[in-house]
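What's counted below: heavy atoms across the whole structure, side chains too, no hydrogens, waters or symmetry copies.
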Protein chains: 2
Amino acid sequence: MEQTQPGDARHRRRTGNEIKAALRDLRIQLALLNHQVGGKLALKDVDLDCLDVLSRNGPLTPSALARQAGLHPATLTGILDRLERAGWIVRDRARGDRRSVTIRVLPDRGMEVFRLYQPMIGAMDDVLTDYTDAELDLIAGFLQRCTEAGRTANGKLTQDS
Amino acid sequence: MEQTQPGDARHRRRTGNEIKAALRDLRIQLALLNHQVGGKLALKDVDLDCLDVLSRNGPLTPSALARQAGLHPATLTGILDRLERAGWIVRDRARGDRRSVTIRVLPDRGMEVFRLYQPMIGAMDDVLTDYTDAELDLIAGFLQRCTEAGRTANGKLTQDS
DNA sequence: CCATATCTTATGAGTTCCGTACTATATGAG
DNA sequence: CTCATATAGTACGGAACTCATAAGATATGG
């Protein structure tokens with residue numbers, strides 16, 4: 001029964017589990033936040049997700065968006081219809097491939113969204129003030145690596161069986 | 001135009017924005033992951049959310065769960081019906097208040113879920129090995145504070161207008 | 001004992017998701 | 001050039017879902 005620094009190892013594992021649990025809680029809380037925001041904007045959760053992906057990953061075609069959002073192409077038609085009708089996006093006919101369509105987010109209602117996220121943004125700013133620059137860098141890197149971990153895990157789940 | 005350490009301040013703000021952007025990306029990625037996992041288990045996103053809340057926050061009544069998940073009580077009836085039919089939960093008639101029902105998660109299918117999350121858990125473990133104990137503590141604390149920030153932001157959004 | 005409040009669920013209307021099929025366009029072989 | 005095949009987006013229809021309303025059962029306070 002070799003135990004080199006048993007307390008440290010145990011503490012380390014416990015902290016790791018805490019982090020994973022915190023990530024679960026955080027995901028739920030953010031999902032709930034988006035649900036509330038979506039409610040105020042008369043948008044389904046899925047609509048807001050698509051809008052979020054679109055505004056971060058630039059103009060996309062419906063099929064590319066469907067892939068990134070894990071949705072059926074036909075499902076996106078309905079979503080895009082809703083978003084277009086409400087003035088969130090426009091469908092641009094591409095000039096190269098005339099079958100293709102590129103979805104573009106209109107900037108008009110951006111402030112409206114920003115205002116609704118303001119409570120969360122403010123609360124986050126409060127949290128951030130308590131950390132040094134170096135610590136913030138560390139955290140940013142960690143979060144980016146988590147996202148990457150999620151992406152690869154997702155890939156594994158998407159391809160097999 | 002007073003500029004005390006202008007570079008630091010700018011870098012600090014930029015890192016803050018990076019963190020918020022990373023949080024957005026992470027949320028999307030985790031939502032997508034849950035969507036895939038849910039697909040394999042024949043569960044809707046909402047169903048899995050409820051299951052997640054239930055397994056973390058212990059046995060709950062439908063109304064308490066509805067509040068925590070931001071759903072209409074009547075919606076939960078349908079969700080709970082599905083979850084019960086598929087053997088995920090049971091409805092226990094409370095002995096105190098006989099109007100009330102407490103939802104309990106059955107442990108039977110826990111391993112099935114764990115296996116599906118394994119790619120993500122493994123990827124996370126890989127990420128975690130690159131940090132010192134002190135850094136992990138810092139990260140855990142940060143994530144918990146983010147969750148708390150989400151909770152309060154949510155509260156503000158829920159109550160007003 | 002009665003009025004009122006609370007917890008859950010049945011019902012029904014409106015909406016959404018997605019499998020399939022269809023149109024339009026692009027690409028490649030002969 | 002012509003035709004077969006592949007691809008992008010969407011229309012359509014069935015099945016399923018969400019939620020407002022209301023009903024049924026139980027609790028609580030006067």
Novice: Of all the choices, C:dT9, D:dT26, C:dT25, which nucleotide is nearest to the side chain of B:Pro73 once you look at every atom?
Specialist: C:dT9
Novice: Give the nucleotide from the list D:dC17, D:dA27, C:dT8 with an atom nearest to the side chain of B:Arg98.
Specialist: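 Given the options D:dC17, D:dA27, C:dT8, the side chain of B:Arg98 is closest to D:dA27.
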Novice: Considering only C:dC17, D:dC19, C:dC18, which nucleotide approaches the side chain of B:Ala74 most closely?
Specialist: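 Closest nucleotide to the B:Ala74 side chain: D:dC19.
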Novice: In whole angstrom, give the distance that lies between atom NE2 of B:His72 and atom P of C:dG12.
Specialist: 17 Å
Novice: Look at the side chain of A:Arg99 and the base of D:dT7, then say whether one donor and one acceptor between them are separated by less than 3.5 Å.
Specialist: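 Such a pair exists between side chain and base.
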Novice: Please report, rounded to the nearest Å, how far the C1' atom of D:dA25 is from the CG atom of B:Asp97.
Specialist: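 These atoms are roughly 10 Å apart.
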Novice: Within this structure, what is the CG-to-C1' distance between A:Leu80 and D:dG9, rounded to whole angstrom?
Specialist: 10 Å
Novice: Give a yes/no answer on whether the side chain of B:Arg91 brings an N or O atom under 4.0 Å of OP1 or OP2 in C:dT9.
Specialist: yes
Novice: If you look at every strand shown and take non-hydrogen atoms under 4.0 Å, does B:Ser100 touch a base, only sugar-phosphate, or nothing?
Specialist: sugar-phosphate
Novice: Tell me yes or no: between the side chains of B:Asn34 and B:Tyr117, is some donor less than 3.5 Å from an acceptor?
Specialist: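 On atom types as modelled, these side chains qualify, holding a pair under 3.5 Å.
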Novice: Which atoms form the tightest heavy-atom contact between B:Thr158 and B:Asn154, and what is the distance?
Specialist: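 For B:Thr158 and B:Asn154, the tightest heavy-atom pair comes out as OG1-O, 2.6 Å.
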Novice: Between C:dC18, C:dT9, D:dC19, spot the one nearest the side chain of B:Thr75, thanks.
Specialist: D:dC19
Novice: In whole angstroms, how far is the C1' atom of C:dC17 from the CG atom of A:Asp81?
Specialist: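 So the two atoms are 13 Å apart, to the nearest Å.
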Novice: Would B:Thr132 and A:Arg12 count as a side chain to side chain donor-acceptor pair (under 3.5 Å) here? Give the steps.
Specialist: CA-CA 9 Å; B:Thr132 68; A:Arg12 192 179 173 80; over 6 Å; no
Novice: Between B:Arg85 (CZ) and C:dT9 (C1'), how many Å, whole number?
Specialist: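 One finds 15 Å between C1' of C:dT9 and CZ of B:Arg85, rounded.
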Novice: Want to settle it: does B:Ala64 or A:Gly96 sit nearer the 5' end of DNA chain C, counting the closest nucleotide to each?
Specialist: B:Ala64
Novice: Examine A:Val90 and A:Trp88 and state if one hydrophobic cluster contains both, with Ile, Leu, Val, Met, Phe, Trp and Tyr joined whenever side-chain heavy atoms are less than 4.5 Å apart.
Specialist: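 No; tracing contacts between hydrophobic side chains, which count when under 4.5 Å, never links both residues.
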Novice: Can you work out whether A:Leu76 or A:His35 has the more 5'-proximal nearest nucleotide on DNA chain D?
Specialist: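 Closer to the 5' end of DNA chain D: A:Leu76.
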Novice: Quick check on D:dT18: is either OP1 or OP2 less than 4.0 Å from any side-chain nitrogen or oxygen of B:Arg82?
Specialist: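 Yes, B:Arg82 has a side-chain N/O under 4.0 Å of OP1/OP2 on D:dT18.
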Novice: When the distance from CZ of A:Arg93 to P of D:dA8 is rounded to whole Å, what number comes out?
Specialist: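 After rounding, the gap between these two atoms is 13 Å.
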Novice: Is there a donor in the side chain of B:Ser55 and an acceptor in the side chain of A:Arg24, or the other way round, less than 3.5 Å apart?
Specialist: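 On atom types as modelled, these side chains qualify, holding a pair under 3.5 Å.
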Novice: Please state how far atom CG in B:Leu71 lies from atom C1' in C:dT9, giving the value in whole angstrom units.
Specialist: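 These atoms are roughly 16 Å apart.
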Novice: Give a yes/no on whether any side-chain N or O of B:Ser63 is located under 4.0 angstrom from OP1 or OP2 of C:dT8.
Specialist: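 Answer is yes, contact under 4.0 Å.
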Novice: May I have the distance from A:Leu60 (atom CG) to D:dA8 (atom C1'), rounded to whole angstrom?
Specialist: 15 Å
Novice: In terms of side-chain heavy atoms of A:Pro62, which of D:dG9, C:dT9, C:dT25 is nearest?
Specialist: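 Minimum distance to the A:Pro62 side chain belongs to D:dG9.
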